[in-house]
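Proteins come first, then strands; the chains are lettered A, B, ... in the order of their sequence lines, and each starts at number 1.
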Amino acid sequence: MAIWLMKSEPDAFSINDLKHRQRESWDGVRNFQARNYMRDMKQGDVVLFYHSSCKVPAIVGTATVSKTAHPDPSCWDPKSPYYDPKSTAETPRWDQVELTFESILKKPLTLAVLKSWPELDGFPLIQKGSRLSVMPVEEHYWHILKSRILCEK
DNA sequence: GCCAACGTTGGC
DNA sequence: GCCAACGTTGGC
């Protein structure tokens, strides 16, 4: 089982939204590296849900992958903000995965705290200029984060 | 609102 | 294949 981290702007889609909906397709990813990571996801993988571009950027909850990568229909919809004219039915460019809500942390694990943790040096999320919205959480870093996240569930 | 970092596009 | 221009992300 792999661990991933996915970013979302809470104004657009928050962990509370996921809790209410229980299951949701994670669409709108328009970055090749992020898409490729989604294609590596397996059913049951754990996703750390991160709030970005907000007052307190933080890991706020967890979800599991309930449906592996499949074409993201918003790329074909001219009315969608995620419309991509380069994506055709024959050659879909973009994928989505479906997530199922798992937990909201009692205490969000803030970016500030993560940055203050010397053991997390090298963790892509806390690197300057890191903009990737989907990233793997390597075993090494998960080992460090795990206790804190599982006990706050 | 600012700006640094990064990805993508398109001209050459 | 290079690189400048541009758009976007996201912390602060």
Show the nearest heavy-atom pair for residues A:Gly44 and A:Met1, with the distance to one decimal.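 Where A:Gly44 meets A:Met1 most closely, the heavy atoms are O-CG, 3.7 Å.
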Do the two ring centres, one from A:Tyr141 and one from A:Trp117, sit under 6.0 Å apart? no
Strictly under 6.0 Å, is that where the ring centroids of A:Phe32 and A:Trp94 end up?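 Yes: the rings meet the under 6.0 Å criterion.
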Heavy-atom side-chain proximity of A:Val29 to A:Asp95 below 4.5 angstrom: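 Side-chain contact under 4.5 Å: no.
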Among all residues two or more places apart in sequence or in another chain, which pass the side chain to side chain donor-acceptor pair (under 3.5 Å) test with A:Arg23?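 For A:Arg23, the residues satisfying side chain to side chain donor-acceptor pair (under 3.5 Å) (neighbours in sequence not counted) are A:Glu98.
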Heavy-atom contacts, protein to nucleotides 5-11 of chain C, under 4.0 Å, summarised as B (base), S (sugar-phosphate only) or - (none) per nt, yield --BBBBS
